[in-house]
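Inspection log for the structure reproduced underneath, given as structure tokens.
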Amino acid sequence: MDMANGTSLIEEIVSLCKRRGFVFQSSEIYGGINGFFDYGPLGVELRRNIKDAWWEDMVRRRDDMVGLDSGIIMNPKVWHASGHVDGFSDPMVDCRESKMRYRADQLFAGDVRVDGQSLGWVCLLESVCMQDDAEKKAESMKRKASRQGTLEAIELRPFDELSSEEQSLVPSPATGTVGSLTEPRDFNMMFETNVGALRDASSVAYLRPETAQGIFANFKNIVDTGRVKVPFGIAQIGKAFRNEITPRNFIFRSREFEQMEIEYFIPPDEDAWPKYHREWIDTRMSWFSSIGLTKDFLGEEVHPSEKLAHYAKACTDITFKFPFGEHELEGIAARGNFDLTQHQQHSGKNLEFFDETRKEKYLPHVIEPSLGVDRTFLAVICSAYQIDEIEGEKRTVLRFHPRVAPIKVGVFPLVKNKPELVDRARKLYQRLQRKWNVIFDQTGAIGRRYRRIDEVGVPFGVTVDFETIEGDGSITVRDRDSTEQQRLSEDELVSFLDKQINP
RNA sequence: GCGGGCAUAGUUUAGUGGUAAAACCCCAGCCUUCCAAGCUGGUGUCCUCGGUUCGAUCCCGAGUGCCCGCACCA
């Protein structure tokens, strides 16, 4: 996709989303707030349809899945066990001159001393040969200073373990200038809050950065009460919060978002996970196609083993070619039994599963397909958005799959000033309204009303005309994508719509 | 967090140191027998707060938001 075009394409989509009530910037009348969005009348329907489709296909239509809705705030110990509190609060250091950014624990510095006197500090990025490099640098510093004497051994320490006086002596690894590095700054992505009336260290709690830990924390409850047998999965849809440094790309990366996550528990045998991992990738990929994502925009990206977290066995992303680039839609990770092991240790509760057929206890391993509602929402719109031409006129159309379309049917009297048409159309509207989200529109010319529903992705327009009230009672159904019409009786219409909308 | 650009109606944009404009959209009415027809009317704190000025939407500063690049993204 060419980028010059891509930029304006996403702008067009953002503008359409606002104009037609899909997505608004949060708190817009107060100047907005970076990284938060609100979903308008059409947006909320689309979101709901996406979530319903996922829940229907991943939970209700499967024998091996159960659902869960855990709270956003949990005991903070959960996030210590999961590693989110300690592991992911990387302090970062910026170089003011070169604008480079470093993780403080990957930046090593040491004092260069000759006969007890400091010549200044050296600073290097973490590497296997950094000790050698440091000594070479020290030699050259000694030569430049024309100093005699013996170089002392250099003790390299991570930047974040130095005192702030020491930090201020460290030169930038990029430019060599002393004083160019900032103090380490915390970039923990979890939002903190306080539980209870008192605000102190003991009241700190976190807004969950993922829904997955709620599943692990409830694993024992579900095993004890849910009549489940490995392999089985627990699914959850819910809000999650990450204090992203730079939210970007519209709703693609925001600070408050909604996840649809599955933890699928499998036997711990080493040959088990590759099979289940592959199955889930295929299942999820075909699900994306089924709700109307453009196949050519979907891709798979396997994480190289050296970039995996230490506990992960594999991770494959399902990616989507957004107008601003190809990015992750869903991550499907084989996480071993890392999470259950952690929670078992930290909680002191036995979380082992007793396998009846094998007559043994074990901590199941897990496959984690984890998807963002908001990213799916954007991918659905990007797949659906099209500008085409009808009889020389441009039209903007959202070709939503009928299953996710916010509004399923538009019902129209052919003209407004004939009460019989209007009454009959209104009756039909009321009948359809009991089953689907439909709209009634009698304003302006019929063509205008068709175009208007095209732009919000309504798949079907039905029109009550003179043949309906004077002839055989049939109505016309107009297809959004082909713009072709067919005449059906009301009963035929209802079963036609049912087939199209609920596959 | 850093650097650059931008901020005018619901949307896209024009414009000005002296009380702001177009197109489209939207709402109401008239008209209309199948793909954005026409007519009439309606809808605006020029992002916020300071400063300069007799007077600021315009100039200056700060903030906020958006876009692009860097960095970050468990």
Side-chain angles (χ1 to χ4, degrees), chain A residues 3-4 6-8 10-12 14-21 24-36 40 79 82-90 92-103 182 185-190 209-210 212-213 242-250 252-253 255 307-312 315 324 327-328 331 333 370 389-397 412-418 421 442-455 461-470 475-480 482-485 487:
Chain A
M3 266 330 277
T7 313
S8 68
I10 191 65
E11 278 166 10
E12 280 174 35
V14 170
S15 158
L16 175 67
C17 280
K18 163 136 202 221
R19 185 156 35 90
R20 294 304 188 183
F24 305 122
Q25 190 182 24
S26 169
S27 326
E28 195 183 306
I29 60 169
Y30 289 101
I33 177 167
N34 194 333
F36 296 89
W79 307 109
S82 70
H84 285 82
V85 173
D86 303 322
F88 310 120
S89 59
D90 304 325
M92 305 297 298
V93 176
D94 288 317
C95 168
R96 294 187 182 94
E97 265 186 308
S98 67
K99 309 303 177 196
M100 295 293 285
R101 168 168 290 172
Y102 307 96
R103 269 173 59 174
T182 63
R185 286 179 285 210
D186 232 349
F187 282 87
N188 194 329
M189 284 196 179
M190 280 199 292
E210 61 174 34
Q213 297 305 323
R242 293 181 195 180
N243 202 358
E244 298 283 356
I245 298 165
T246 313
R248 279 280 163 95
N249 294 329
F250 195 36
F252 179 80
R253 181 183 298 148
R255 289 178 165 141
K307 284 185 78 178
L308 291 174
H310 66 275
Y311 51 81
C315 184
F324 45 81
H327 295 286
E328 174 189 347
S370 169
E389 235 173 65
I390 291 178
E391 290 161 22
E393 296 261 15
K394 269 193 173 178
R395 78 162 175 169
T396 303
V397 56
F412 315 125
L414 185 56
V415 292
K416 184 169 63 167
N417 60 354
K418 296 284 186 293
L421 288 181
Q442 58 179 28
T443 62
I446 189 70
R448 180 188 199 75
R449 285 176 267 163
Y450 286 149
R451 296 300 172 82
R452 193 182 289 157
I453 64 170
D454 287 342
E455 203 179 13
V462 307
T463 301
V464 168
D465 58 20
F466 290 93
E467 208 178 322
T468 316
I469 54 172
E470 289 162 5
I475 42 82
T476 64
V477 187
R478 179 257 196 189
D479 180 83
R480 174 196 62 207
S482 67
T483 75
E484 275 164 21
Q485 305 187 46
R487 294 203 76 92

Value for NE2 (H84(A)) from CE (M190(A)), rounded to nearest 0.5 Å, stands at 7.0 Å

query = Counting any heavy atom closer than 4.0 Å, what does R449(A) reach on the DNA or RNA strands: base, sugar-phosphate only, or nothing?
reply = nothing

To the nearest angstrom, the CG-P distance between N417(A) and U33(B) comes to 7 Å

When rounded to whole Å, the OH to C1' distance for the pair Y30(A) and C47(B) reads 15 Å

Next on the checklist: So K18(A), base contact, sugar-phosphate only, or nothing? Heavy-atom distance under 4.0 Å.
Outcome noted: sugar-phosphate

> Are the side chain of R242(A) and the backbone of E210(A) linked by a donor-acceptor contact shorter than 3.5 Å?
Replying inline: no

ask   = Counting any heavy atom closer than 4.0 Å, what does F36(A) reach on the DNA or RNA strands: base, sugar-phosphate only, or nothing?
value = nothing

E210(A) atom CD is separated from C73(B) atom P, nearest whole Å, by 16 Å

Taking A74(B), A36(B), C35(B) as options, the one with an atom nearest any side-chain atom of Y450(A) is C35(B)

note: K416(A), atom NZ; G29(B), atom P; distance rounded to Å ~ 5 Å

When rounded to whole Å, the CZ to P distance for the pair R20(A) and G10(B) reads 15 Å

Comparing nearest nucleotides in RNA chain B, the 5'-proximal residue of the pair V14(A), D454(A) is D454(A)

>> Within the 4.0 Å heavy-atom criterion, would you say R451(A) contacts the bases, only the backbone, or no part of the nucleic acid?
In response: base

L16(A) CG to C24(B) P, in whole Å, measures 19 Å

Quiz prompt | Aromatic ring proximity F250(A)/F324(A), centre distance under 6.0 Å | solution = no

pair_partner(U64(B)), Watson-Crick or wobble, both distances < 3.5 Å, evaluates to A7(B)

When all nucleic acid strands are considered with a 4.0 Å heavy-atom cut-off, which category describes N34(A): base, sugar-phosphate, or nothing? sugar-phosphate

| message | Considering every strand and a 4.0 Å limit on heavy-atom distances, what is the contact class for R452(A): base, sugar-phosphate, or nothing? | response | sugar-phosphate

I29(A) CD1 to A7(B) P, in whole Å, measures 23 Å

- Task: Check every strand shown and say whether S15(A) touches a base, only sugar-phosphate, or nothing at a heavy-atom separation below 4.0 Å.
- Result: sugar-phosphate

Separation of U33(B) atom P from F412(A) atom CZ, nearest Å, is 17 Å

